[in-house]
There are 2 protein chains.
Amino acid sequence: MKLTIKDIARMAEVSITTVSMILNNKDENISPSTREKVLRIVKESNYIPNTMARSLVTRQTKTIGLIIPDIANPFFPELARGAEDKASEAGYGIIFCNTDDDIEKEEKYINMLAEKMVDGIVFAHSAKRTGDLASYDRGNIPIVLIDRDMESENVKGKVLVNNLEGAYQGVKHLLDRGYRRIVFITGALTSTTAMGRLAGYQKALQEYNIAYDERYIKAGQYKSEWGIEAAKQLLREGIAFDAVFCGNDLIAISVIKTLKDSGFSIPEDIGVVGFDDIQMASMVEPELTTVKQPNYEMGYKAVELLIEVLEKHGTQEEQRKIILDTELMVRKSS
Amino acid sequence: MKLTIKDIARMAEVSITTVSMILNNKDENISPSTREKVLRIVKESNYIPNTMARSLVTRQTKTIGLIIPDIANPFFPELARGAEDKASEAGYGIIFCNTDDDIEKEEKYINMLAEKMVDGIVFAHSAKRTGDLASYDRGNIPIVLIDRDMESENVKGKVLVNNLEGAYQGVKHLLDRGYRRIVFITGALTSTTAMGRLAGYQKALQEYNIAYDERYIKAGQYKSEWGIEAAKQLLREGIAFDAVFCGNDLIAISVIKTLKDSGFSIPEDIGVVGFDDIQMASMVEPELTTVKQPNYEMGYKAVELLIEVLEKHGTQEEQRKIILDTELMVRKSS
DNA sequence: ATGAAAGCGCTAACAT
DNA sequence: ATGTTAGCGCTTTCAT
């Protein structure tokens, strides 16, 4: 038996306005006795306000969308958790969507979120896509991007990672340990992440006066399969190398595996450094040295930024950009 | 500039009723020419219906809640993905919530979901809780439970895993390989999962005429830390054992690590079998033999079941129960 | 085949 | 300090 605000008003013998005001803490002008009475009845009767009706008039749903490629990809659960934690703190709910980095699905989801009238969207991708996306403008929903550099009217903020600096640290570490012929296996160079990391790789090499050699760059995808394939290619091509810097941990882990299967010792023969610091990184043998991305924080900050934008109704600020630092986790593979 | 159904009606020179009917495929009585015209205008003008308004009258939001302990726990991303895939197929959105298995948070979220008027809730837990939960009845939302055995008016279905059979297979496998003194390290025995697995463990032992010895049972939590702790206890107590069957993979992986650090070879000295088959299981050294839970399927089936219940308005069926089978993944640790 | 109108439950401007 | 009332955008019953 569903109660409405009307029922509460009747039971408390006041008008629905009064009830509404009390429920929304707009009760400067309500007498304490009335407030108490109403509150008591609300509690006793187990009344649940209908957000639909409220949203219809207030034009906000206290819900935000989270679009990611795939929650089952070990990179995203932490990020999602960070996002949800902040949202929950602020009284928002999160609708999550998996796009598999597929443009059609992205459009479909943006549409769905627009229909559900989410107040804003946090958009994270893994790689791949580069161009602009018209559907961003669907329904004019404020958007905060994670790790994706892209312009649109509705993009109100970005949360990025300092890929250049992170990669620089990782490669420099390898160099410091004495490795000299360092291969870079990474995802597609169309992605801003891969490009940033490549720049960091180059910077470190330069600092050590080591010539940049294109044959040492293997760009494919941010996937285990690519790590295996790239390592095999390297071995087949007979390129001399003593270390591998990987675009992410999935690649690094499969590279280690492939190399070990071929009889190499890690880190004695070949040093390996990854990027991300997924949970697995500290569980493999040898434990993986890697550049840690602050995933939880990225999700958390993105939602924080979004909510700030949402609730700062008046001021039409500049687009905000947050750049997070990475951290080198030195373990056993280097 | 937001368009409403009224704008479309005006532009098409028809009534809003007509537009509404066409949009909802209740167009038996609409002339094809009108339909086409309206559809064209809808498309051209980029009209997005306001779900809030619709939900207010239809009493359904096409949104369901997913409550889990922690998306960052490797058990849940796959499950969440399965749930979201099915939901998306059926035109539903998913709001996800992390409770950390904390009762207060659960209540808070159930409340939030009730306010947001989700059509139903899928509820998965990890362990721990046993008693009933009054707030389940908040807002009378249909619930489907995953892996949790609990009664309530609103629980319309359950998706369970055959824990007994799974554990039986795992332990029998160890026995078949010649191991005889098998320790069982698992989560709290208050959880139905741990109890089911214990029963399976006992059944296998019995079949091999091996006496059940309580000192071989270590019940703590489904966490890495407990795996380390339990393995150390075992070593300290000087109990003779040649195999460990673990309540989940997190425990198994940390047990392997602890044992290896103490100089044991896996699987030569000690065989280890886990439960779950999380991604990490096939990446550790040695690769973990484990009982695979169909996580993706659990999420998928749960949402499927829930939607079936939601859309079968009339018939007040029995509570439905789906029991999924596990699969033994034989790898290198046994 | 189409339209008029009531009403879903709530907020907010305006009265009193 | 409290109440009246007009919508928010849509679906649905009942007319025509």
Side-chain angles (χ1 to χ4, degrees), chain A residues 1-39 41-42 45-63 91 114-119 139-140 313, chain B residues 1-39 41-42 45-63 91 114-119 139-140 313:
Chain A
M1 156 77 221
K2 279 273 187 258
L3 291 178
T4 75
I5 197 174
K6 220 164 161 179
D7 298 315
I8 303 295
R10 195 173 19 73
M11 291 158 83
E13 298 174 290
V14 296
S15 76
I16 58 172
T17 310
T18 306
V19 178
S20 172
M21 289 183 137
I22 293 174
L23 256 25
N24 292 289
N25 299 314
K26 300 205 192 317
D27 40 4
E28 314 93 32
N29 297 329
I30 305 286
S31 76
S33 68
T34 318
R35 180 187 9 260
E36 260 170 53
K37 183 167 158 205
V38 168
L39 253 20
I41 294 182
V42 163
S45 64
N46 210 352
Y47 163 69
I48 299 178
N50 183 325
T51 325
M52 243 82 253
R54 167 183 293 161
S55 296
L56 193 55
V57 15
T58 60
R59 256 86 243 305
Q60 54 156 339
T61 55
K62 288 274 185 179
T63 305
E115 287 190 4
K116 293 215 188 300
M117 309 244 129
V118 295
D119 296 338
N140 267 53
H313 281 279
Chain B
M1 156 78 221
K2 278 272 188 259
L3 292 177
T4 74
I5 198 174
K6 220 164 161 180
D7 298 315
I8 303 295
R10 196 173 18 73
M11 292 159 83
E13 299 174 289
V14 296
S15 76
I16 58 173
T17 310
T18 306
V19 178
S20 171
M21 288 184 139
I22 294 174
L23 256 25
N24 291 291
N25 299 314
K26 298 205 193 315
D27 40 3
E28 313 94 31
N29 296 330
I30 306 287
S31 77
S33 68
T34 316
R35 178 187 11 259
E36 262 170 51
K37 183 165 154 207
V38 168
L39 253 18
I41 294 181
V42 163
S45 63
N46 211 351
Y47 164 69
I48 299 177
N50 183 324
T51 326
M52 242 83 254
R54 168 181 294 161
S55 296
L56 192 54
V57 15
T58 60
R59 258 83 245 304
Q60 53 155 340
T61 54
K62 288 275 184 181
T63 304
E115 287 191 2
K116 293 215 187 301
M117 307 244 129
V118 295
D119 296 337
N140 265 54
H313 281 280

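Every heavy atom of this structure was used, including side-chain atoms; hydrogens, water molecules and symmetry mates were not. Chain letters run A, B, ... following the sequence lines, proteins first, then strands; residues in each count from 1.
Between A/T18 and the phosphate of D/dG3, there is a side-chain N or O to OP1/OP2 separation shorter than 4.0 Å. Between A/S31 and the phosphate of D/dT2, there is a side-chain N or O to OP1/OP2 separation shorter than 4.0 Å.
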Its contact letters, B for base, S for sugar-phosphate only and - for none at protein heavy atoms under 4.0 Å, make nucleotides 9-16 of chain C read BBBBB---

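In this model, no donor atom of one side chain and acceptor atom of the other lie less than 3.5 Å apart for B/T17 and B/S20.
The distance from atom OG1 of A/T4 to atom CD1 of A/I16, rounded to the nearest 0.5 Å, is 8.5 Å.
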From CA spacing to verdict: side-chain contact (heavy atoms from CB on, under 4.5 Å), A/S45, A/M11: CA-CA 10 Å; A/S45 64; A/M11 291 158 83; 4.2 Å; yes

(request) Kindly determine whether A/T61 and A/K116 satisfy side-chain contact (heavy atoms from CB on, under 4.5 Å), including the steps that lead there. (result) CA-CA 8 Å; A/T61 55; A/K116 293 215 188 300; over 6 Å; no

Exercise for the section: Step by step, work out the side-chain contact (heavy atoms from CB on, under 4.5 Å) result for B/R59 and A/N50. Expected result: CA-CA 10 Å; B/R59 258 83 245 304; A/N50 183 325; 4.0 Å; yes

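Under a 3.5 Å cut-off, the side chain of B/K62 and the backbone N or O of B/G91 do not form any donor-acceptor pair.
Across the protein-nucleic acid pair, B/E36 atom CD and C/dA1 atom C1' stand 16 Å apart, rounded to whole Å. As rounded to whole Å, 12 Å separates atom P of C/dA1 from atom CD1 of B/I22. Atom pair B/N25:CG and D/dC10:P shows a separation of 16 Å (rounding to whole Å applied).
Under the side chain to side chain contact (heavy atoms under 4.5 Å, CB included) rule, B/Y47 has a single partner from B/D7, B/I8, B/I41, which is B/I8.
Taking every heavy atom of both residues into account, A/S55 and B/M52 meet most closely at CB-CG, 3.5 Å.
A/S55 comes within 4.0 angstrom of no nucleic acid atom, judged by non-hydrogen atoms across all strands.
Taking the C1' atoms of five terminal pairs at each end of the helix from C/dA1-D/dT16 to C/dT16-D/dA1, the two resulting helix axes are inclined by 40°, rounded to 10°.
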